J.: 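Have a look at this one.
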2 protein chains.
Amino acid sequence: MARTSDIFVTVDVVIFALRDDDLQVLLIKRKNQPFEGKWAIPGGFVHHAESLEDGAIRELYEETGVRGVHIEQLYTFGTLNRDPRGRMVTVAYIALVPAPLALHAGTDASDAQWKSIYALPEMAFDHADIVHYALKRLRYKLEYTAVGFRMLPPKFTLSQLQHAYETILGEKLDKRNFRRRILQAQVIEETGEMQSGDGRPAKLYRYREDSVAEVKARRLFP
Amino acid sequence: MARTSDIFVTVDVVIFALRDDDLQVLLIKRKNQPFEGKWAIPGGFVHHAESLEDGAIRELYEETGVRGVHIEQLYTFGTLNRDPRGRMVTVAYIALVPAPLALHAGTDASDAQWKSIYALPEMAFDHADIVHYALKRLRYKLEYTAVGFRMLPPKFTLSQLQHAYETILGEKLDKRNFRRRILQAQVIEETGEMQSGDGRPAKLYRYREDSVAEVKARRLFP
DNA sequence: TCAAAAGTGTTTGTGGTACACCCATGG
DNA sequence: CCATGGGTGTACCACAAACACTTTTGA
């Protein structure tokens, strides 16, 4: 039996948010070797007394101060030579956070910044692969589940929601079809409140916690 | 920073095959503590010089003598107290093997047997969860990809293929609709050969290696 | 000629897509 | 009254589902 105690397990979290009409991920500029000055996904070693998911939740909290948001396992990256310092197995997670946030720079970072997925900087390790895979998964998931809400405030208008979908998917959607489908899916409900703005006031909706977010039978947006 | 070198990484493989008109998984009866006498998914520690996927391929080969079959990462299980011997992180894989096989009992097993997914024995660790999750994923995947072939011999009839789908999904399918869809999807082609049997001979088909197995636009069997 | 499995089309319903105008408010 | 964004319905098309009989072979 091979020795295994020299395999290190890390959790990294691809944190998505909608900012400035753009889909962005939170990246950290490395201040140490290897890949000093390159950008990396927040993450670190799993603690001995925490589960993988708790580790991901902790990393998310340390970087953003946010708790209780949508987080899910993406994939586990375990090829050789991912990190020159040793054998690393990285369990990657996706987190969706609902709004722009003040950032806590972590101890392992000289800088943490939101970066557009359309203009990603040079990244450390295989983190570019991880972000691209996370984006693919997020878009795919949006087609048949209701995760879009998780990147909006608790109350939102249908236009905001459609805008979120369009920003994430990178394409325009038809307003009437969008509204019909999202309402038919019964995943949101009216709050009764209205939001005043530049034109006609809009109804505010909220996510229905009792709804079945996973639409198995048919995709929401094929 | 917590010590991490006492976290062990294992790969376990849920190996599916169609046997006796039944969907079965390969399980190993444990001959050591903990869970002595209970059944477990084949697996073991990742070697230092192999990737996770190579580890899964190796485990599969050690148990079945099979190589070159469909294998994919399922999920990584990393809660605490999964194994009384220490902190284990298990990267689970799914493998689909094309036919009944002679088995190599491994060094860590007193017995290896195919077990029906409808009559699973008492299992060690959280392996029952892993098998159930693997089954869910296999069925889900079958609805929108062409993985069904991977559990058949290289040449097969449409009836055999339909039977495979029915066995995996656990439901009857309409013959005419099945044939129309699977042919429209362009994932298989005629070999030109026929298979004689009890009634009218059937055309033999093969998987088209050039096909796009992933049918994104619409599910094959919603 | 009979048993056993292979093979084949049509109809009906549902859901997806495309598309343009009126409404309510604030300035 | 005008600018701005909110809100609404219908017609067409493509695909899914339901459904029963004929064909080919071996015994």
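Since the structure is predicted, the reported quantities are computational estimates derived from the model, not experimental observations. For the numbers below, each heavy atom of this structure counts, side chains included, while hydrogens, waters and symmetry mates do not.
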J.: What is the separation between atom CG on A:D21 and atom P on D:dG5, rounded to the nearest whole Å?
T.: 12 Å

J.: Check residues 193-201 of chain B and write down every donor-acceptor pair under 3.5 Å in which the side-chain atom is one partner and the other belongs to a residue at least two apart or another chain.
T.:
unit_1	atom_1	unit_2	atom_2	d
B:E193	OE1	B:K155	NZ	3.4
B:E193	OE2	B:K155	NZ	2.6

J.: Which residues pass the salt bridge (Lys or Arg N to Asp or Glu O under 4.0 Å) test with A:R58, not counting sequence neighbours?
T.: A:E50, A:E62

J.: Would you please confirm or rule out a distance under 4.0 Å between OP1 or OP2 of C:dT8 and any side-chain N or O of B:R179?
T.: no

J.: Just wondering, are more than 12 heavy atoms of other shown residues or ligands nearer than 6.0 Å to CD in B:E122?
T.: no

J.: Give a yes/no on whether any side-chain N or O of B:S159 is located under 4.0 angstrom from OP1 or OP2 of C:dA6.
T.: yes

J.: Take the C1' atoms of the five end pairs on each side of the helix from C:dT1-D:dA27 to C:dG27-D:dC1, get both axes, and report the angle to 10 degrees.
T.: 10°

J.: Base, sugar-phosphate or nothing for A:K175? Non-hydrogen atoms, less than 4.0 Å.
T.: base

J.: Produce the list of close N/O pairs, under 3.5 Å, pairing protein atoms with atoms of nucleotides 9-12 of chain D; give distances to one decimal.
T.:
unit_1	atom_1	unit_2	atom_2	d
D:dG9	O6	A:R180	NH2	3.0
D:dT10	O4	A:R180	NH2	2.9

J.: Atom CD1 of A:I182 and atom C1' of D:dG7: how far apart are they, to the nearest Å?
T.: 16 Å

J.: Between A:T191 (side chain only) and A:R206 (backbone N and O only), is there a donor and an acceptor less than 3.5 Å apart?
T.: no

J.: Take nucleotides 22-27 of chain C nucleotide by nucleotide from the 5' end and write B, S or -, depending on whether a protein heavy atom sits under 4.0 Å from the base, only from the sugar-phosphate, or from neither.
T.: -BBB--

J.: Check side-chain contact (heavy atoms from CB on, under 4.5 Å) between A:P121 and all other residues, then give those that pass, not counting sequence neighbours.
T.: A:L27, A:W39, A:K115

J.: So, using ring pair (Phe, Tyr, Trp, His ring centres under 6.0 Å) as the criterion, who are the partners of A:F125 when residues are at least two apart?
T.: A:F35, A:H127

J.: Only counting residues at least two apart or in another chain, list the ones meeting side-chain contact (heavy atoms from CB on, under 4.5 Å) with B:L96.
T.: B:F16, B:H70, B:I94, B:L138, B:V147, B:R150, B:M151

J.: Expressed as a whole number of angstroms, how long is the span from B:K203:NZ to D:dT25:C1'?
T.: 15 Å

J.: A:A92: which residues meet the side-chain contact (heavy atoms from CB on, under 4.5 Å) condition with it, sequence neighbours left out?
T.: A:L74, A:F77, A:I130

J.: Restricting to ring pair (Phe, Tyr, Trp, His ring centres under 6.0 Å), what partner residues turn up for A:Y133, sequence neighbours left out?
T.: A:Y75

J.: Can you tell me the distance, in whole Å, between the CZ atom of B:F156 and the P atom of C:dA6?
T.: 14 Å

J.: Suppose the criterion is salt bridge (Lys or Arg N to Asp or Glu O under 4.0 Å): which pairs have a residue in residues 127-140 of chain A, not counting sequence neighbours?
T.: A:E72-A:R137

J.: May I have the distance from A:L173 (atom CG) to C:dC19 (atom P), rounded to whole angstrom?
T.: 15 Å

J.: Under the side-chain contact (heavy atoms from CB on, under 4.5 Å) rule, collect the residues that match up with B:A164, sequence neighbours excluded.
T.: B:L18, B:L152

J.: May I have the distance from B:K172 (atom NZ) to D:dA17 (atom P), rounded to whole angstrom?
T.: 17 Å

J.: Taking CD from A:Q162 and P from D:dG5, how many angstroms apart are they, rounded to a whole number?
T.: 14 Å

J.: Could you tell me the separation between the CD atom of B:Q195 and the C1' atom of D:dT25, rounded to a whole number of Å?
T.: 13 Å

